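Below is one structure; the comments refer to it alone.
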Amino acid sequence: MIEIKVPELAESITEGTIAEWTVKTGDAIEKGETIAELETDKVNVEIKSDFSGVIKELLAEPGDNVVVGQVIAKLGEEGASAASDATPKEEAPKAEEAPKAEPAKEATPAPEEKKVSKSRTVASPAARKKARELGIDLDDVSYRDPMGRVRVEDVEAHNQAKNAPKAEAPSKPAAPAKPAAVAPAQDDARVERIKMSRRRQTIAKRLVEAQHTAAMLTTFNEVDMTAVMDVRNRRKDAFFKKNGVKLGFMSFFTKAVIGALKSFPLLNAEIQGDEILLKKFYDIGVAVSTEEGLVVPVVRDADKLSFAGIEKEIGDLGKKARDNSLGLKDLQGGTFTITNGGIFGSLYSTPILNTPQVGILGMHTIQRRPVVVDDNDTVEVRPMMYIALSYDHRIVDGKDAVQFLVRVKQLLEDPEDLLLEG
């Protein structure tokens, strides 16, 4: 029997959750064939078999957490498995038909216990173990999980309910026991309990860690997008014809951020113990929203890319994120992050740091508002955007943070200056 184990994933990833099996017991597979999809903190990973054969046993269920090196399936050789599969089917009737005497009836408890462990009811391994210990048939257990999965607490509750009438029948407190059991059922009908995905758990954990670890502060400004929109409208057709990609706002903001980071390098750093690690490269993370949650793929060496190069890289990473095909290398590292809540209509927000980074820029929706034009104090309607910079006050002073955001504003409002900085 060949054991299939969870492979080494990455240095920072030691466990994952079985998202789904792509095979079932009895399936014949080839070497290199995908048998399961594993959901990790960052990406989904396909688990492939290093051997050919027939799946004899799956040792984990969708939703179960598994660790690197854990045996999750057993594989039999094709020839041996075919023979072994045929033998039990032929011998089983003989074993059941031959002994019709009472000893066969006395022997029935053993098959019943096996039936419990092989119940088709979806249950966690811990729940199956508990059911075997208590002699409970999982098919009789009520569950609260909306996905129909029996958990340990369901088995324990069934056991308590099963034993309660014997102990409490003679006493008066037994009567109110039934209404007490009905009340939760009524409450459960009004709510839905959904298990958080591993990625969502990781997002939640890191956001809380960011707030607990960093001395996070946010400063705001607003940008007149007139000049950027004018350049974009005049150049977008020629840009697309030449480069095969649309000219969006993200390339302008990425270039502006890099220009500001060069002037204020502490926002392109991180804290390691009692030291500050200044980074002399610019790997810009771009937040992308997916069905599984927010991910931040990284545009490597963005300072060395043209506007077209940035737009292509962001487009490719965004597509991979939506297709759930990002690799670990796409997400690792990053020196600064840009997030655009404006695509969802956000007017004003405070982004949370993507630790261990010490800065993140938040973009928002463009809104036409009346503003005073400095030249002649006249009021004009301009396309305006609020921008926000969240930073780690432990190493970034308020003065530097404010001036960083002002520099981003200046570069965006004067694209010629932006091109010179780029």
Side-chain angles (χ1 to χ4, degrees), residues 221-262 282-290 294-323 326 330 336-349 351 360-371 373 375 380-389 405-422:
N221 213 315
E222 62 178 353
V223 178
D224 184 346
M225 297 293 290
T226 301
V228 168
M229 293 179 71
D230 179 60
V231 171
R232 184 169 175 264
N233 290 334
R234 285 189 291 107
R235 299 283 186 176
K236 63 181 181 181
D237 292 337
F239 186 89
F240 181 79
K241 185 177 180 180
K242 179 180 179 180
N243 302 295
V245 64
K246 293 182 179 179
L247 178 60
F249 291 119
M250 285 304 299
S251 53
F252 287 93
F253 274 86
T254 302
K255 286 289 186 181
V257 161
I258 293 170
L261 288 174
K262 290 178 178 178
Y282 303 92
D283 289 353
I284 306 301
V286 179
V288 179
S289 179
T290 69
L294 198 70
V295 292
V296 187
V298 179
V299 178
R300 307 289 177 188
D301 294 319
D303 58 315
K304 299 177 182 178
L305 298 176
S306 63
F307 276 69
I310 292 173
E311 292 291 354
K312 287 178 180 178
E313 189 68 13
I314 291 175
D316 291 343
L317 291 171
K319 184 177 185 303
K320 289 170 72 175
R322 289 185 288 273
D323 294 342
L326 285 171
D330 296 322
F336 188 93
T337 295
I338 302 174
T339 180
N340 185 7
I343 58 176
F344 304 111
S346 173
L347 181 65
Y348 207 71
S349 67
I360 180 172
L361 179 74
M363 299 166 55
H364 299 91
T365 191
I366 298 174
Q367 186 181 62
R368 296 184 64 81
R369 298 195 300 270
V371 295
V373 180
D375 294 341
E380 295 182 9
V381 176
R382 297 286 185 94
M384 305 297 293
M385 177 193 287
Y386 290 115
I387 55 176
L389 173 71
L405 207 55
V406 169
R407 185 61 182 145
V408 171
K409 170 185 169 71
Q410 291 172 343
L411 291 169
L412 290 169
E413 291 182 344
D414 186 357
E416 291 182 4
D417 197 10
L418 180 62
L419 292 172
L420 291 175
E421 284 287 343

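Positions are given from 1, in the same order as the sequence printed here. None of the values given here were measured: they were computed from a predicted structure.
The nearest pair of heavy atoms linking L411 to A260 is CD1-N, 4.2 Å. I387 and V408 make their closest contact through CD1-CG1, 4.3 Å (heavy atoms, listed as atom of the first residue, atom of the second, distance). Minimum interatomic distance between V288 and A321 (heavy atoms only, all atoms of both residues): CG1-CB, 3.9 Å. Of all heavy-atom pairs between E222 and E413, the closest is O-OE2, 4.2 Å. Looking at every heavy atom in both residues, L261 comes nearest to Y282 through CB-CE2, 3.8 Å. Closest approach of R322 and T290 over heavy atoms only: N-CG2, 4.3 Å.
Put simply, OG1 on T339 and NE2 on H364 are 8.0 Å apart, with the number rounded to the nearest 0.5 Å. Here D316 contributes atom CG and I314 contributes atom CD1; the two are 10.5 Å apart, rounded to the nearest 0.5 Å. With rounding to the nearest 0.5 Å, the separation of CD1 in I258 from CG in D301 is 9.5 Å.
Under the salt bridge (Lys or Arg N to Asp or Glu O under 4.0 Å) criterion, R368 pairs with no residue, sequence neighbours left out.
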message: Under the criterion side-chain contact (heavy atoms from CB on, under 4.5 Å), I'd like the reasoning laid out for L361 against F336: C-alpha separation, chi angles, the key distance, then a yes or no.
response: CA-CA 8 Å; L361 179 74; F336 188 93; 3.8 Å; yes
- prompt: Under the salt bridge (charged side-chain N to carboxylate O under 4.0 Å, His left out) criterion, do R234 and D230 qualify, and how do the steps go?
  reply: CA-CA 6 Å; R234 285 189 291 107; D230 179 60; 3.1 Å; yes
message: As a quick check of understanding, evaluate side-chain contact (heavy atoms from CB on, under 4.5 Å) for R300 and D283, giving each step before the final call.
response: CA-CA 5 Å; R300 307 289 177 188; D283 289 353; 3.5 Å; yes
query: Step by step, would you call V299 with T254 a side-chain contact (heavy atoms from CB on, under 4.5 Å)?
result: CA-CA 10 Å; V299 178; T254 302; 5.8 Å; no
- request: Tell me, with the steps shown, if V286 and L317 meet side-chain contact (heavy atoms from CB on, under 4.5 Å).
  value: CA-CA 9 Å; V286 179; L317 291 171; over 6 Å; no
Atom pairs and distances, side-chain donor-acceptor, residues 243-252, under 3.5 Å, sequence neighbours left out:
unit_1, atom_1, unit_2, atom_2, d
N243, ND2, F239, O, 3.0
S251, OG, G248, O, 3.3
S251, OG, E311, OE2, 2.7

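More than 12 heavy atoms of other shown residues, nucleotides or ligands fall within 6.0 angstrom of atom CZ in R369.
At least one test fails for R232 against the ring of F307: distance under 6.0 Å to the centre or angle within 45° of the axis.
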